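Since the structure comes first, as structure tokens, the remarks are kept for the end.
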Amino acid sequence: MQHHDDARGRRALLKNSLILAGAVTIPGAVSNAATRRLTAADYSPAARLPAQPQPLSSPRVVRPDLMRRALAALSRHGSAIAQRDRMAIVDFTVGSSQPRFHFVDLASGRSTSLLVAHGSGSDPAHTGYLKRFSNDFGSNASSEGAFVTGDYYVGKHGKSQRLIGLDPTNNNALGRAIVVHAAWYANPDMLRTHGMLGRSQGCFAVGDQDLEQVFARLGPGRMIYADKA
């Protein structure tokens with residue numbers, strides 16, 4: 001049984017890698033809403049990073065143990081991650097009221113941090129803290145592990161970016177339509193009124209004003225690593 005499970009996992013990873021390499025659009029993977037590929041005009045706003053709002057920036061904001069696990073994942077997944085100048089680390093140990101979406105420049109070691117929501121299935125009581133991960137369809141939960149960023153598209157959440165899960169803990173990400181997108185419930189004003197962000201269906205949802213700089217820092221072919229202590 002273990003041999004068959006390992007074989008299925010390898011086949012799933014190979015399939016996902018081929019999907020990314022081809023940069024194809026898979027409308028059926030993202031709900032039933034109509035989608036379209038973004039054009040050069042859509043990409044242009046993200047060509048340079050917005051000056052406002054200013055996110056938290058620090059050379060040492062990512063916990064050292066989490067950074068080590070992320071770097072190990074970057075090494076482990078080899079050629080599946082084409083771009084290695086930057087990566088994103090999501091620290092789900094801290095609550096949604098804190099900037100925990102860390103964009104790390106691997107040359108300088110500096111990081112820029114933004115707010116990001118977690119899935120409702122990971123926090124059923126809506127405490128603001130992720131309680132569990134899940135890779136299951138219909139769980140509405142966040143998944144842990146290494147993702148590689150795919151293509152951009154426009155769907156039910158507007159401009160979005162597909163993700164491919166590279167680990168057994170998140171290899172259903174593409175089929176579950178776990179993506180990066182903007183959402184009103186991830187805007188900073190949620191902290192003033194509720195003390196925490198709202199919850200996604202497992203996606204990495206960021207504030208409306210942050211999406212363009214998230215896209216600019218990620219781009220296709222970079223790693224997002226999500227974990228907690």
Side-chain angles (χ1 to χ4, degrees), residues 17 20-21 23 38 40 42-118 142-152 159-167 170 173 178-182 186 188 197 203-229:
S17 300
L20 177 64
L38 298 186
D42 293 308
Y43 290 126
S44 59
R48 56 190 178 88
L49 303 182
Q52 295 294 333
Q54 287 294 333
L56 174 67
S57 182
S58 167
R60 292 183 298 274
V61 72
V62 181
R63 290 184 292 109
D65 61 322
L66 184 57
M67 177 66 79
R68 284 193 294 270
R69 294 201 297 272
L71 289 172
L74 187 66
S75 175
R76 182 169 65 250
H77 291 297
S79 59
I81 302 167
Q83 304 297 330
R84 292 166 171 262
D85 54 339
R86 298 189 297 276
M87 66 177 173
I89 301 175
V90 184
D91 187 355
F92 280 129
T93 303
V94 301
S96 65
S97 63
Q98 301 297 316
R100 55 184 181 172
F101 202 167
H102 309 300
F103 300 87
V104 182
D105 185 310
L106 293 174
S108 68
R110 294 189 65 85
S111 59
T112 299
S113 304
L114 299 167
L115 296 169
V116 65
H118 54 250
S142 299
S143 297
E144 63 184 318
F147 303 79
V148 63
T149 56
D151 63 326
Y152 297 97
K159 293 181 182 179
S160 305
Q161 185 172 25
R162 290 187 175 95
L163 300 175
I164 296 171
L166 300 177
D167 291 317
N170 66 1
I178 302 302
V179 303
V180 178
H181 66 79
L197 299 183
C203 293
F204 297 94
V206 300
D208 294 308
Q209 299 301 313
D210 290 336
L211 185 66
E212 295 298 347
Q213 62 176 305
V214 168
F215 282 176
R217 287 186 164 91
L218 284 177
R222 290 189 174 87
M223 186 183 77
I224 298 177
Y225 182 76
D227 204 350
K228 68 175 293 186

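Note that the structure is a prediction, hence the values are computed from the model and not measured.
In plain terms, the two heavy atoms of S113 and H102 that are nearest each other are OG-ND1, 2.6 Å. A pairwise comparison of heavy atoms in G165 and A173 identifies N-CB, 3.8 Å as the closest pair. Across L163 and I178, no two heavy atoms sit closer than the pair CB-O, 3.5 Å. Closest approach of K159 and E212 over heavy atoms only: NZ-OE2, 3.3 Å. The nearest pair of heavy atoms linking L74 to L106 is CD2-CD1, 3.8 Å. For N170 against L166, the heavy-atom pair with the smallest separation is OD1-N, 3.2 Å.
For R84, there are no salt bridge (Lys or Arg N to Asp or Glu O under 4.0 Å) partners at least two apart in sequence or on another chain. Not counting sequence neighbours, the partners of D91 by the side-chain hydrogen bond (donor to acceptor under 3.5 Å, both in side chains) test are R63, T93. Residues satisfying the ring-ring contact (aromatic ring centres under 6.0 Å, His included) criterion with F101, sequence neighbours excluded, are F103. In terms of the side-chain hydrogen bond (donor to acceptor under 3.5 Å, both in side chains) criterion, S96 has no residue partners (sequence neighbours excluded). Applying the salt bridge (Lys or Arg N to Asp or Glu O under 4.0 Å) test to R86 and every residue at least two apart in sequence or in another chain returns nothing. In this structure A107 satisfies the side-chain contact (heavy atoms from CB on, under 4.5 Å) test together with D105, sequence neighbours excluded. Take Q83 and apply the side-chain contact (heavy atoms from CB on, under 4.5 Å) test, not counting sequence neighbours, and it matches D85, R222. The side-chain contact (heavy atoms from CB on, under 4.5 Å) search around A73 returns R76, H77, A146, M223, Y225, not counting sequence neighbours.
Ring orientation note: the planes of F147 and F204 are nearly perpendicular, at an angle over 60° on the 30°/60° scale.
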For this session: Please step through side-chain contact (heavy atoms from CB on, under 4.5 Å) for the pair L114 and V206, ending with a clear verdict.
Result: CA-CA 8 Å; L114 299 167; V206 300; 5.8 Å; no
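From R162, atom CZ reaches atom CD1 of I164 across 9.5 Å, with rounding to the nearest 0.5 Å. Atom OG1 of T149 sits about 5.5 Å away from atom CG of L218, to the nearest 0.5 Å.
Between M87 and L71 there is a side-chain heavy-atom pair separated by less than 4.5 Å. Using a 4.5 Å heavy-atom threshold, the side chains of R100 and F92 count as touching. Between L115 and L197 there is a side-chain heavy-atom pair separated by less than 4.5 Å. Side chains of Q161 and V214 form no contact here, defined as non-hydrogen atoms less than 4.5 Å apart.
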